[in-house]
Novice: 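Here it is, the structure, as structure tokens.
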Amino acid sequence: MQDLNHNSVILVILTGGRSKRFGTDKCTYKINGYRSVDLIIKNIGSLFESIILAGQNENLERSIPDPRPGLGPISGLYTGLLMENDVFLISCDMPFVKKEIVEFILNEKDHDIVCPVIDGIYQVTHAFYSKQVISCVEDEMACYNPSLKSLVSKCKDVLLIGEEELKRFENYKMSFFNFNSQRDLQP
């Protein structure tokens, strides 16, 4: 069941990566007949009132260039936070995101950041970020090597969701699967 309070959260899909290892644009790569970015929208777009494709991508008609290009995913998060909304951030290379897991994360949005941890790794590009963290994001972007993981470790009100909580969802790890080579997508 959809919580109507999710409407204050916008979906930000990171689309500005260069896809060097993949060899072609990950956002427009077709999986089961859908571009990766469209598969994400199909899977979870209905949870959000607004969707932003963050990052310069000449293959996508609606992508918004990052205000601070060259800083990686944190700049895409910043693009969304500048809209003065809470953000659910996801990378374009996570096409099998599960709606029920995103709903579970959004139901914990009374924290500044809600970040799942899979196999000991912070899933920073499959996480919720409150608009309250914008100053922390700006501080992190001023660092020599800004990162979302560093942001998560520095913020005070962070809820980390472990695998024990996610195991209730069938095949939960697929929601966090990201592809880096075409071989990753072969059965």
Side-chain angles (χ1 to χ4, degrees), residues 2-18 25-28 35-95 97 99 101-116 122-143 146-159 161 175-176 178:
Q2 183 176 347
D3 175 354
L4 296 178
N5 292 331
H6 295 337
N7 289 340
S8 65
V9 181
I10 61 174
L11 175 61
V12 174
I13 304 173
L14 299 171
T15 61
R18 292 184 292 256
D25 183 19
K26 290 183 189 181
C27 297
T28 58
R35 298 182 312 176
S36 177
V37 71
D38 294 330
L39 200 50
I40 292 168
I41 293 168
K42 178 180 181 283
N43 289 341
I44 63 171
S46 65
L47 296 174
F48 306 93
E49 192 172 284
S50 177
I51 300 169
I52 292 175
L53 305 179
Q56 184 66 45
N57 188 317
E58 63 275 354
N59 298 318
L60 296 171
E61 56 284 346
R62 298 180 305 136
S63 67
I64 299 173
D66 292 333
R68 302 269 311 273
L71 297 181
I74 198 164
S75 190
L77 171 61
Y78 189 59
T79 300
L81 292 173
L82 286 174
M83 305 293 174
E84 299 184 7
N85 285 84
D86 296 335
V87 167
F88 184 83
L89 185 71
I90 191 155
S91 177
C92 74
D93 62 2
M94 299 178 102
V97 58
K99 185 176 183 178
I101 291 177
V102 174
E103 285 179 310
F104 178 71
I105 292 168
L106 293 176
N107 283 331
E108 299 294 336
K109 70 180 185 138
D110 54 340
H111 299 275
D112 286 345
I113 298 174
V114 181
C115 182
Y122 288 14
Q123 300 298 311
V124 294
T125 58
H126 188 302
F128 167 81
Y129 297 87
S130 161
K131 61 186 171 188
Q132 305 303 318
V133 301
I134 194 161
S135 63
C136 295
V137 170
E138 290 168 340
D139 290 347
E140 183 62 26
M141 289 192 314
C143 293
S147 76
L148 289 171
K149 183 178 180 194
S150 177
L151 173 73
V152 170
S153 65
K154 289 177 184 174
C155 283
K156 290 184 174 119
D157 185 16
V158 176
L159 175 64
I161 298 176
S175 192
F176 303 95
N178 70 309

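Only a predicted model underlies this, so the values are computations on that prediction, with no experimental measurement involved.
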Novice: Heavy atoms only: give me the nearest Asp93-Ser91 pair and the separation to one decimal.
Specialist: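 Residues Asp93 and Ser91, closest heavy atoms: OD1-OG, 2.7 Å.
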
Novice: Atom CD1 of Ile105 and atom CD1 of Ile113: how far apart are they, to the nearest 0.5 Å?
Specialist: 13.0 Å

Novice: Once side-chain hydrogen bond (donor to acceptor under 3.5 Å, both in side chains) is applied, do any residues pair with Ser36, and if so which ones, sequence neighbours excluded?
Specialist: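 Ser36: no side-chain hydrogen bond (donor to acceptor under 3.5 Å, both in side chains) contacts found.
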
Novice: Can you tell me how far apart CG (Leu148) and OH (Tyr129) are? Round to the nearest 0.5 Å.
Specialist: 4.5 Å

Novice: What residues form a ring pair (Phe, Tyr, Trp, His ring centres under 6.0 Å) with His126, not counting sequence neighbours?
Specialist: Phe88, Phe176

Novice: Measure the CE-CD1 distance between Met83 and Ile52 for me, rounded to the nearest 0.5 Å.
Specialist: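 One finds 4.0 Å between CE of Met83 and CD1 of Ile52.
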
Novice: Can you confirm whether more than 12 heavy atoms, excluding those of Glu61, are under 6.0 Å from its CD atom?
Specialist: yes

Novice: Just how far is it from atom CD1 of Ile41 to atom SG of Cys92, taken to the nearest 0.5 Å?
Specialist: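 Atom-to-atom, Ile41:CD1 and Cys92:SG are 11.0 Å apart.
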
Novice: Could you tell me the separation between the CZ atom of Phe104 and the OG atom of Ser175, rounded to the nearest 0.5 Å?
Specialist: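 Between atom CZ of Phe104 and atom OG of Ser175 there are 12.0 Å.
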
Novice: Does Leu151 reach the side chain of Tyr122, with side-chain heavy atoms less than 4.5 Å apart?
Specialist: no

Novice: Could you tell me which non-hydrogen atom of Pro73 sits nearest to which non-hydrogen atom of Leu14, and how far apart they are?
Specialist: CB-CD1, 3.6 Å

Novice: With sequence neighbours excluded, what pairs up with Lys154 under the salt bridge (Lys or Arg N to Asp or Glu O under 4.0 Å) test?
Specialist: Glu140

Novice: Looking at Ile40 and Pro95, what are the two nearest heavy atoms and their distance?
Specialist: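 Scanning both residues, the minimum pair turns out to be CG1-CA, 3.8 Å.
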
Novice: Listed by chain and number, what are the side-chain contact (heavy atoms from CB on, under 4.5 Å) partners of Leu82, not counting sequence neighbours?
Specialist: Pro67, Tyr78, Ile134

Novice: Not counting sequence neighbours, list each pair that qualifies as a side-chain hydrogen bond (donor to acceptor under 3.5 Å, both in side chains) and has a residue in residues 62-71.
Specialist: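 Qualifying pairs, neighbours excluded: Asp66-Thr79.
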
Novice: Taking the side chain as every heavy atom from C-beta outward, state whether Asn43 and Lys99 have any pair of such atoms under 4.5 Å apart.
Specialist: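 Contact flag for Asn43/Lys99 side chains = no.
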
Novice: Does any pair with a residue in residues 69-78 pass salt bridge (Lys or Arg N to Asp or Glu O under 4.0 Å), and if so which ones, sequence neighbours excluded?
Specialist: none

Novice: Suppose we screen for side-chain hydrogen bond (donor to acceptor under 3.5 Å, both in side chains). Which residues come up paired with Gln132, at least two apart in sequence or across chains?
Specialist: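 Counting only residues at least two positions away or on another chain, Gln132 forms no side-chain hydrogen bond (donor to acceptor under 3.5 Å, both in side chains).
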
Novice: Is there a side-chain contact between Leu77 and Val12, using heavy atoms and a 4.5 Å cut-off?
Specialist: no

Novice: Side-chain contact test, heavy atoms from C-beta onward, threshold under 4.5 Å: evaluate it for Leu47 versus Leu11 and give yes or no.
Specialist: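 Contact flag for Leu47/Leu11 side chains = no.
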
Novice: Got a donor-acceptor contact below 3.5 angstrom from the Ser147 side chain to the Ser150 backbone?
Specialist: yes

Novice: Mind jotting down which residue pairs meet the ring-ring contact (aromatic ring centres under 6.0 Å, His included) criterion with at least one end in residues 49-74? Sequence neighbours excluded, please.
Specialist: none

Novice: With sequence neighbours excluded, tell me which residues meet side-chain hydrogen bond (donor to acceptor under 3.5 Å, both in side chains) with Asp112.
Specialist: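 Scan of Asp112 (side-chain hydrogen bond (donor to acceptor under 3.5 Å, both in side chains), adjacent residues dropped) gives none.
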
Novice: Which residues pass the side-chain hydrogen bond (donor to acceptor under 3.5 Å, both in side chains) test with Asp38, sequence neighbours left out?
Specialist: Arg35

Novice: Return yes if some donor-acceptor pair links the side-chain N/O of Thr125 with the main-chain N/O of Ile90 below 3.5 Å, else return no.
Specialist: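 Not at all, since once roles are kept as given, no pair shorter than 3.5 Å links the two residues.
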
Novice: Applying side-chain contact (heavy atoms from CB on, under 4.5 Å), can you list everything that pairs with Asp86, at least two apart in sequence or on another chain?
Specialist: Ser8, Val9, Phe128, Ser130, Lys131

Novice: Within this structure, what is the CD1-CD1 distance for the pair Ile13 and Ile44, rounded to the nearest 0.5 Å?
Specialist: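 Ile13 atom CD1 to Ile44 atom CD1 measures 6.5 Å (nearest 0.5 Å).
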
